[in-house]
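Nothing here was measured: the structure is a model prediction, and the numbers come from that model. Heavy-atom basis, side chains included; hydrogens, waters and symmetry copies ignored.
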Amino acid sequence: MLLEFGLDDDTLLPHVEDEKRRVASLAPFVEKGLRSFGHRVVLAETSNEMRAQIANGYLINFPASAIEMAESKNCRWVALGKLRKFSFMESWIRLYLVDVQSGQVVGHAESEVRGHMTDDRMTQRTAFSLAQQIDDFILELREKE
């Protein structure tokens, strides 16, 4: 599985360093959770432009370049996530699961984050919730194969 997150920040003071740090920590936290469920995870090495395309939804709706990158890493799934920030104390995170073979979004995980952006404990808890949800989607999809 290939994994990456973007930041969609609608606050009056967007893209503060603490929020960028929180978004950067999401993929490693979700990776740890997915590995605990037995998944092989590759963190994407993406450009700022690609992360922006994830954040604004383009890459989620048109995942061809993410799929291409996943194929080059021999991954079956691509997980594209974005943190959508409405205020300084509340955000939500969505993680979309794309099947590399079909090129389609086959599920998404969602979790709300409350609290300050420097609260790593809350970010870890949220990331683990996302990992559990993605694991559930993958198990269901494997049962259907």
So, taking the atom named [atom1] in [X] and the one named [atom2] in [Y], what distance separates them when rounded to the nearest 0.5 Å?
X      : Y      : atom1 : atom2 : value
Asp119 : Asp18  : CG    : CG    : 11.5 Å
Glu45  : Met69  : CD    : CE    : 9.0 Å
Arg76  : Arg142 : CZ    : CZ    : 8.0 Å
Gln124 : Thr126 : CD    : OG1   : 10.0 Å
Lys82  : Gln53  : NZ    : CD    : 12.5 Å

Revision key, fill the gap. Residue pairs meeting ring-ring contact (aromatic ring centres under 6.0 Å, His included), one or both in residues 54-85, sequence neighbours left out, come to Tyr58-Phe62
**Study point:** Counterpart residues, salt bridge (charged side-chain N to carboxylate O under 4.0 Å, His left out), relative to Asp9 (two or more places apart)
**Key:** none
What are the two closest heavy atoms between [X] and [Y], and how far apart are they?
X      : Y      : result
Val100 : Cys75  : CG2-O, 3.5 Å
Ser65  : Met50  : OG-CE, 3.8 Å
Asp99  : Val106 : CB-CG1, 3.8 Å
Gly103 : Pro63  : O-CG, 3.7 Å
Gly6   : Ile54  : N-CG2, 3.9 Å

**Study point:** Worked verdict on Arg51 versus Leu7 for side chain to side chain contact (heavy atoms under 4.5 Å, CB included)
**Key:** CA-CA 8 Å; Arg51 281 189 295 280; Leu7 171 61; over 6 Å; no
According to side-chain contact (heavy atoms from CB on, under 4.5 Å), who are the partners of [X], at least two apart in sequence or on a separate chain?
X      : answer
Glu143 : none
Leu12  : none
Asp135 : Phe37, His39, Leu139
Ala66  : Leu59, Val78, Leu80

Side-chain donor-acceptor pairs under 3.5 Å in residues 88-98, sequence neighbours left out?
from	atom 1	to	atom 2	distance (Å)
Arg94	NE	Glu110	OE1	2.6
Arg94	NH2	Glu110	OE1	3.3

Exercise for review: State yes or no: do Leu2 and Leu83 share one hydrophobic cluster built from I, L, V, M, F, W and Y residues joined by side-chain heavy-atom distances below 4.5 Å, directly or via other members?
Suggested key: no
Point to revise | Cluster overlap Met1 with Ile67, hydrophobic side-chain contacts below 4.5 Å | key: no
Using the test side chain to side chain donor-acceptor pair (under 3.5 Å), find all partners of [X] that sit at least two apart in sequence or belong to another chain.
X      : value
Ser36  : none
Gln133 : Ser129
Ser111 : none
Glu112 : Arg114

Practice item. Let me see the working for Arg40 and Val42 under side chain to side chain contact (heavy atoms under 4.5 Å, CB included), right down to the final yes or no. Key: CA-CA 7 Å; Arg40 180 181 74 88; Val42 177; 3.4 Å; yes
Check your understanding: When you look at CG of Asp10, are more than 12 heavy atoms from neighbouring residues, nucleotides or ligands closer to it than 6.0 Å?
Key -> yes
Practice item. Check the pair Ile138, Ile134 against side chain to side chain contact (heavy atoms under 4.5 Å, CB included), reporting the backbone distance first and the verdict last. Key: CA-CA 6 Å; Ile138 292 172; Ile134 292 297; 3.9 Å; yes
Review point. Can Asp120 and Arg21 be said to form a salt bridge (Lys or Arg N to Asp or Glu O under 4.0 Å), step by step?
Key: CA-CA 10 Å; Asp120 286 340; Arg21 187 188 56 74; 3.2 Å; yes
Just list the side-chain donor-acceptor pairs under 3.5 Å for residues 24-34, sequence neighbours left out, or say none.
from	atom 1	to	atom 2	distance (Å)
Ser25	OG	Arg22	O	2.7
Glu31	OE2	Arg35	NE	2.9
Glu31	OE2	Arg35	NH2	2.8

